[in-house]
Amino acid sequence: VNAKMKVEKDFQVGEVDPRLYGSFIEHLGRAVYGGIFEPGHPSADEQGFRTDVLELVKSLNVPIVRYPGGNFVSGFNWEDSVGPAENRKRRLELAWRTIEPNTFGLNEFMDWCRKANTTAMMAVNLGTRGPNEARELVEYANHPSGTYLSDLRISHGYKEPHRIKTWCLGNEMDGPWQIGAKTAAEYGRIAAESAKVMKWVDPTIELVACGSSSTYMPTYPEWEATVLDHTYEHVEYISLHRYYDNHKRDTPTFLARSLDMDDFIKTVVATCDYIKAKKRSKKTVNLSFDEWNVWYHSNEADRKLEPWQIAPPQLEDVYNHQDALVVGCMLISMLKRADRVKMACMAQLVNVIAPIMTENGGRAWKQTIYYPYLHASVFGRGTVLVPLVQSPKYDVQDYTDVPYVEAVAVHNEAAGELTVFAVNRHLTDTLGFDIDLRSFGNASLIEHLVMESDDLEAANTADQPDRVKPRRSEGSVAADGTSFSAQLPKASWNVIRFK
Ligand code: AHR
């Protein structure tokens with residue numbers, strides 16, 4: 001039986017906020033040092049930014065990048081990272097057990113953002129620090145001039161304020177691994193008080209409160225309810241973080257993990273709305289899925305690393321074909337809830353669980369997961385249409401009724417284009433996929449991009465950077481009036497574009 005999708009122009013989930021395609025750079029491993037910043041690299045510009053990496057980032061069209069952590073931020077003193085580079089302090093970095101040289105910091109990151117055509121999502125430290133340092137950072141970054149901290153920024157060579165709009169109130173504060181972890185009530189209070197004074201410094205900013213670090217946290221979802229009880233009127237978003245793994249080498253289950261993401265989103269939306277009702281509030285708090293990806297390949301290697309090195313190779317997952325399918329499913333999950341998931345950050349961007357890899361001093365290349373992220377970011381702009389999809393299904397121990405075909409459609413009215421993203425989770429069969437576009441009148445196919453591989457574990461490396469990549473599929477979509485029938489190869493990521 002074929003899978004089917006009916007695409008109705010007027011039945012809309014919501015506008016895609018471009019920030020759904022954000023990413024993340026943490027001071028962790030080789031994300032900064034050897035990743036985006038490597039003075040002396042043949043491609044480095046006058047600031048030491050790798051232009052080969054900048055080009056790969058720019059192609060992804062990343063609207064926002066979270067910085068500087070992650071777990072790192074909970075022990076970070078932002079003052080260490082500004083001013084003349086030769087005066088900056090080296091610090092023991094306790095989250096990842098490394099040495100942080102601070103030769104790249106806040107101002108360099110803002111310059112890098114401008115060169116990468118992106119913006120910053122800045123996190124403040126609510127682990128070892130609190131409202132005072134948070135409001136001071138907002139003053140340093142965003143206040144125009146005439147105060148000690150804004151003039152300090154100017155003396156560092158940045159006359160114009162950075163005008164950073166989006167700020168995270170700490171990171172994963174529910175996790176015992178976090179420096180300065182807190183109970184929900186402790187965090188809720190400090191987040192609310194920090195939010196208040198940060199907005200008093202700059203009322204134009206918007207804030208993200210920390211939600212649960214994962215669906216498996218014992219405090220989830222009571223954490224969200226308690227945190228929002230304290231912060232509801234002070235924040236615009238609550239964060240969600242989720243990584244999936246295939247340690248058990250059980251691909252049907254691994255590919256079904258986005259069903260957990262669907263539930264996670266549903267639960268957090270419900271919790272936000274419950275607190276909204278409880279507070280008789282008119283305001284709606286939305287979701288920032290600001291860490292998501294597959295993460296597990298590097299776990300073993302990371303356990304063996306010597307501590308207290310500068311920028312060692314940490315979390316350097318080498319992604320294979322099936323990881324890219326999970327990433328595709330996760331993107332579809334978030335698009336299906338574009339009404340409430342307004343921001344999201346693929347974690348991370350370079351070298352650390354990342355779509356882009358580099359060698360120190362050498363090459364840069366695209367991992368398999370680069371492609372679904374690229375396609376969604378480039379073609380998934382506009383309005384998400386209500387996904388009316390019927391698909392044959394399968395069961396695994398953790399999930400029943402897993403659709404073989406996961407799909408969503410995005411209508412870009414301005415460009416006059418409609419894009420269907422679809423993953424075929426079937427590991428052995430090509431599936432027919434009927435797409436009914438009657439509400440679009442005379443639609444015609446632009447192209448069918450497909451990423452498939454006979455080897456689910458095939459990956460890209462510096463020596464074989466193009467082993468897994470999408471191709472344009474010819475003759476795989478048949479048209480019959482306003483209906484189309486596509487062939488989705490086994491275990492494939494598909495982008496079917498119409499105009
Ligand atoms: O992205 C890697 C780490 O995962 C982040 O530092 C942390 O927030 C999460 O646990």
Side-chain angles (χ1 to χ4, degrees), residues 22-33 35-36 62 64-76 93-98 100 109 121-128 166-182 187 191 208-220 223 227 237-245 247 261 264 287-303 305 307 311-319 323 326-327 330 343-357 367 369 373:
S23 190
F24 180 21
I25 288 284
E26 177 166 3
H27 280 252
L28 158 55
R30 299 190 307 119
V32 173
Y33 307 106
I36 61 173
V62 184
I64 193 162
V65 179
R66 189 162 172 254
Y67 177 84
N71 297 338
F72 170 83
V73 81
S74 297
F76 178 54
E93 202 293 282
L94 299 184
W96 301 104
R97 296 169 61 76
T98 58
E100 171 55 51
F109 181 67
M121 177 195 278
M122 192 64 61
V124 299
N125 174 357
L126 295 187
T128 57
T166 310
W167 296 77
C168 301
L169 296 165
N171 176 71
E172 295 192 346
M173 301 305 306
D174 59 337
W177 58 86
Q178 200 68 214
I179 303 170
K182 294 178 172 46
Y187 170 68
V208 187
C210 287
S212 295
S213 299
S214 184
T215 41
Y216 57 67
M217 297 304 289
T219 46
Y220 164 77
W223 172 277
V227 167
Y237 306 93
I238 183 144
S239 73
L240 296 83
H241 290 182
R242 196 66 175 98
Y243 297 97
Y244 295 114
D245 70 72
H247 278 304
M261 191 176 202
F264 192 8
L287 277 50
S288 171
F289 215 122
D290 49 41
E291 284 190 37
W292 67 271
N293 203 346
V294 168
W295 173 13
Y296 74 106
H297 297 283
S298 57
N299 293 164
E300 194 60 36
D302 285 343
R303 277 191 280 272
L305 269 180
Q314 286 173 303
L315 281 65
E316 297 207 359
D317 272 41
V318 175
Y319 289 111
D323 299 329
V326 173
V327 160
M330 293 178 89
M343 300 194 285
C345 302
M346 177 189 252
Q348 299 191 6
L349 187 55
V350 185
N351 287 331
V352 171
I353 42 174
I356 298 168
M357 291 299 286
Q367 297 233 55
I369 62 169
Y373 179 34

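In what follows, residues are counted from 1 in the order of the sequence shown. In this text the structure is predicted, and so the values were computed from the model without any measurement. Both counts, for ligands and for their atoms, begin at 1 and track the order of listing.
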Participant: Hey, can you tell me if H27 and F72 have their rings parallel, tilted or perpendicular (30° and 60° cut-offs)?
Facilitator: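 H27 vs F72 ring planes: parallel.
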
Participant: Could you go step by step and tell me if Y244 and D323 meet the side-chain contact (heavy atoms from CB on, under 4.5 Å) rule?
Facilitator: CA-CA 9 Å; Y244 295 114; D323 299 329; over 6 Å; no

Participant: For W167, which residues count as a side-chain hydrogen bond (donor to acceptor under 3.5 Å, both in side chains) partner, sequence neighbours excluded?
Facilitator: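 Listed in chain order: nothing, the list is empty.
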
Participant: Using the test ring pair (Phe, Tyr, Trp, His ring centres under 6.0 Å), find all partners of W223 that sit at least two apart in sequence or belong to another chain.
Facilitator: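 For W223, the residues satisfying ring pair (Phe, Tyr, Trp, His ring centres under 6.0 Å) (neighbours in sequence not counted) are Y187.
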
Participant: For a quick check: using heavy atoms under 4.0 Å, what are the residues in contact with ligand 1, sorted by chain and number?
Facilitator: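 If the criterion is a heavy atom under 4.0 Å, then ligand 1 touches F24, E26, G70, N71, W96, N171, E172, Y243, E291, W295, L315, Q348, I353.
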
Participant: Sequence neighbours left out, what passes salt bridge (charged side-chain N to carboxylate O under 4.0 Å, His left out) with E93? Give chain and number order.
Facilitator: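 Applying salt bridge (charged side-chain N to carboxylate O under 4.0 Å, His left out) to E93 gives none.
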
Participant: Donor-acceptor check, side chain of S239 to backbone of G211, threshold 3.5 angstrom: yes or no?
Facilitator: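 Indeed, once roles are kept as given, a pair shorter than 3.5 Å links the two residues.
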
